[in-house]
Asker: 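Got a structure for you, questions after.
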Amino acid sequence: MSFDDPKVVDNNVDLEQSASESDASSQQSVGLQIARESEHAIKYRTCSWQKTAALLFSEYICLAILSFPWSFSILGLVPGVLVTIAVALTVLYTSLILGRYCVANPGLRDICDIGKELFGGSELAYNITSLFFLLNNTFIQALHVLVGAKLLNTLSDSAQCTTVFMVIAALVCFVISLPRTLDQMSGMGVFSAVTMGIAVLLAIIFAGIEEHPFGYIPGDEPLVTVIPVSGTTFVSGMAAFLNITYTFVGQATIPSFIAEMKNPKDFPKAIWAVTIAEIVVFTLCGAVMYHFIGNQYMTAPAFGSLTPTYKKIAFSFAIPTIIFLGSLYSSVTSRFVFFRIFRDSRHLHSNTLVGWSTWVGIVGVTWVFAFLIAEVIPFFSDMLSLMSSLFDGWFGFIFWAMAYLTLYPGKEKWNGPIRSAETLMNYFFILLGFYILIAGTYVSIQSIIDSYKAQMVGGVFTCASNAL
């Protein structure tokens with residue numbers, strides 16, 4: 001068939017007209033949502049793309065960056081850099097697909113609505129996605145309870161019981177979680193991202209200027225390898241990959257962010273800005289700190305590889321991120337539950353006693369569960385790996401490959417060599433997601449078992465210090 005075949009021309013014209021009509025319908029739907037909220041006391045569709053970028057920066061420029069040097073020490077310098085860039089570009093692509101899907105379906109408020117839509121309106125799919133979504137966010141909150149206690153122990157030289165420090169961290173995060181709209185939290189997100197950037201920069205500088213890494217043994221110089229060291233196991237290699245993947249995969253909350261944007265079509269600006277910053281910061285942090293610390297002195301997070309004074313200075317700048325990011329995930333979770341309770345009620349948009357009491361109660365419950373999880377899995381890198389394996393396969397790859405197949409149904413997905421190649425890539429993402437789920441969960445659980453057997457961590461509800 002020639003390129004001038006009228007059937008091909010007609011098909012292309014039909015596709016362009018369909019896309020144009022879909023965009024117009026989407027914009028009209030968003031406009032109606034904004035108009036309906038205009039007279040309410042609490043408005044949700046108020047975020048510009050810049051404020052959405054601020055929320056994304058606060059989500060991605062986080063303490064998990066300091067797990068990259070550890071991952072590089074397992075994978076080797078070159079594979080570490082290549083995996084970082086490959087995962088970043090993959091997540092950028094799937095996030096752009098996510099954005100297009102949300103623009104095409106502006107009535108979807110969160111990833112649970114998307115799960116239902118992707119599986120043909122199935123209530124079962126909605127309920128399972130909701131469970132995964134709530135668990136994903138609560139595990140991330142738990143990570144920040146754990147790291148909050150780790151920070152307090154480190155800065156105070158373990159002046160108090162670790163369980164008490166976990167309670168303090170959870171209470172502070174609870175208070176910061178109380179604002180009801182994401183627009184109100186975006187300013188805190190900017191401050192959080194900036195201070196975390198300073199913490200990472202200081203950690204890199206201190207790793208370079210200190211005479212030796214913490215725990216240095218005279219004569220045993222830091223070992224840095226281009227490729228993985230001999231004897232690296234599948235369990236440790238997969239754990240390193242999952243740590244990197246976890247830090248990049250944050251799509252579970254993105255639909256909630258887009259649902260509060262004034263113009264969802266501006267979302268690509270936000271995700272491009274964040275991804276460029278991620279690639280630069282994550283790669284530099286991983287490579288430079290690994291170069292100075294080496295394999296045998298590496299910890300996760302890498303603050304623990306700095307000498308005590310440098311460690312405390314750098315770690316202290318991570319306080320806003322530890323508090324805010326856990327609070328952001330609590331806010332997203334609480335909003336999901338709150339909208340289900342008061343879907344068509346005046347309490348959703350008004351400052352009523354019932355509305356605020358329910359909101360505070362929901363936020364409080366999320367932090368109780370986060371505290372309990374943090375007590376049961378009290379170690380940083382294994383918790384990152386477990387979260388990544390359980391949820392990132394779905395929320396980072398499988399869902400958005402399915403969204404792509406929905407955007408290009410039937411023969412459209414095979415319309416030309418480029419579209420066909422993109423379709424094959426999305427089928428690969430589905431397989432990758434299931435591999436992360438199955439192999440990753442096995443590796444994470446085995447690593448947790450090994451950590452307990454080696455007595456590398458204390459017991460449940462222990463007062464033993466978890467200081468770096």
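Note: hydrogens, waters and symmetry copies are ignored here, and every other heavy atom, side chains too, is used. Residues take their numbers from the sequence shown, with the count starting at 1.
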Asker: For Y404 and T423, does a side-chain donor sit closer than 3.5 Å to a side-chain acceptor?
Answerer: yes

Asker: Ion pair present between D113 and R340, side-chain N to carboxylate O less than 4.0 angstrom?
Answerer: yes

Asker: What pairs with I204 under side-chain contact (heavy atoms from CB on, under 4.5 Å), at least two apart in sequence or on another chain?
Answerer: V200, C285, V288, M289

Asker: Per the ring-ring contact (aromatic ring centres under 6.0 Å, His included) rule, which among Y60, F397, F282 passes with F248?
Answerer: F282

Asker: Ring of F336, cation from R109 - is the NZ or CZ under 6.0 Å from the centre and inside 45° of the axis?
Answerer: no

Asker: Check whether the side chains of N415 and Y408 place a donor and an acceptor atom closer than 3.5 Å, and report yes or no.
Answerer: no

Asker: Quick test of your reading of the model: are K116 and D110 salt-bridged, counting only N-O distances below 4.0 Å?
Answerer: no

Asker: Using modelled atom types and a 3.5 Å cut-off, is there a donor and acceptor pairing between side-chain atoms of S192 and backbone atoms of M188?
Answerer: no

Asker: So, S177 versus S331: side-chain donor-acceptor pair below 3.5 Å or not?
Answerer: no

Asker: Does either side chain, that of E59 or that of Y329, offer a donor lying less than 3.5 Å from an acceptor on the other one?
Answerer: yes

Asker: Quick check: does any side chain N or O of Y297 sit under 3.5 Å from a backbone N or O of F292, one acting as donor and the other as acceptor?
Answerer: no

Asker: Looking at CG of L328 and OG of S256, how far apart are the two atoms once the value is rounded to the nearest 0.5 Å?
Answerer: 9.5 Å

Asker: With a 6.0 Å cut-off on the ring centroids, do F338 and W359 count as close?
Answerer: yes

Asker: Any side-chain donor paired with an acceptor under 3.5 Å for T283 and T84?
Answerer: no

Asker: Looking at E210 and K311, is there a salt bridge between them, counting it only when a charged N and a carboxylate O are closer than 4.0 Å?
Answerer: no

